[in-house]
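Any value given below was found using the heavy atoms of this structure, including those in side chains, with hydrogens, waters and symmetry copies removed. Everything numeric here is computed off the predicted structure, so don't read it as measured data.
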Amino acid sequence: FVRCRYDPYHSHHKDRNWLRSFPRKGGKGPEADFDNLEAWIDRFQDGDWPPPSANWTWNCYNPRNMHTRFFGTECNGAGEEECTNPSESVLVTGNLSAAIHNVFQLDGVIVLEFYHESMCVIKFDLYGKLPEECRADSQRKGPEGHKHVSHGLPHYSVSQISTDVVSKIRSITQDDAILY
């Protein structure tokens, strides 16, 4: 939600239809964002399925088992944008077994919550040795050199989200939880 709300790439602030329909009551900031997050999740939980068009997702991503769809869907020649933000013509439910199989075919996976550690594992795999900043005895501990782009978005913790909203998120990401 935050990426769709604040990132200039997704937010399409010049699109009047987007401005009228995207959940944005109460301005900006944590309290308003959490209320709007619930309205955004409700759209995917209760809305038409499959979505009638990419505009249905406000030209942003569709969070409903997004990773399972990405790793477990054959897009029948559609481009990445069409596959991850599908219209009627693309299969929109991912196959969990195929997604798990495909993830295990990858050479590496970066886990956001362990970004620094993930980068260290990938660098070790690529170069055959652990970089200095990744060594336990290093004076240069930390994510120096491991650039993580935040896109200037506000940072919220899941602990700030109400249990009702977390339950709604879990209801549309059950396969993603297994895949993770």
What distance do Asn62 atom CG and Arg69 atom CZ have between them, rounded to the nearest 0.5 Å?
-> 4.0 Å
Treat each ILVMFWY residue as a node, draw an edge where side-chain heavy atoms are under 4.5 Å apart, and state whether Ile122 and Leu130 are in one component.
-> no
Taking side chain as C-beta onward, heavy atoms only, is His67 less than 4.5 Å from Tyr180?
-> no
Check the surroundings of atom CZ in Phe114: do more than 12 heavy atoms from other residues, nucleotides or ligands lie under 6.0 Å from it?
-> no
Taking every heavy atom of Asn102 against every heavy atom of Phe71, the minimum-distance pair comes out as ND2-O, 2.5 Å
What distance separates Ile100 CD1 from Gln105 CD, expressed to the nearest 0.5 Å?
-> 12.5 Å
Exercise: identify the closest heavy-atom pair between Asp176 and Met66 = OD2-N, 2.9 Å
OG on Ser167 to CD1 on Ile161, rounded to 0.5 Å | 11.5 Å
Glu38 side chain vs Asp35 backbone, donor-acceptor pair below 3.5 Å = no
Taken to the nearest 0.5 Å, the spacing of Ile169 CD1 from Phe1 CZ works out to 11.0 Å
With no hydrogens and no angle check, is any side-chain donor or acceptor of Arg64 less than 3.5 Å from a backbone partner on Ile172?
-> no
Flag the pair Lys123 and Glu133 as a salt bridge only when some basic side-chain nitrogen lies within less than 4.0 angstrom of an acidic carboxylate oxygen.
-> yes
Flag yes if Tyr127 and Phe124 sit in one hydrophobic cluster, no otherwise; membership is Ile, Leu, Val, Met, Phe, Trp, Tyr, and two members link when side-chain heavy atoms are under 4.5 Å apart.
-> no
List the steps, then state whether side-chain hydrogen bond (donor to acceptor under 3.5 Å, both in side chains) holds for Asn65 with Thr173.
-> CA-CA 5 Å; Asn65 286 314; Thr173 58; 5.5 Å; no
One should read off an interatomic distance between Cys134 SG and Glu117 CD, to the nearest 0.5 angstrom, of 8.5 Å
Given the rule that I, L, V, M, F, W and Y join up when any side-chain heavy atoms are under 4.5 Å apart, are Val121 and Val109 in one cluster?
-> no
Would you name the heavy atoms of Val111 and Ser118 that are closest together and state the gap between them?
-> N-OG, 3.0 Å
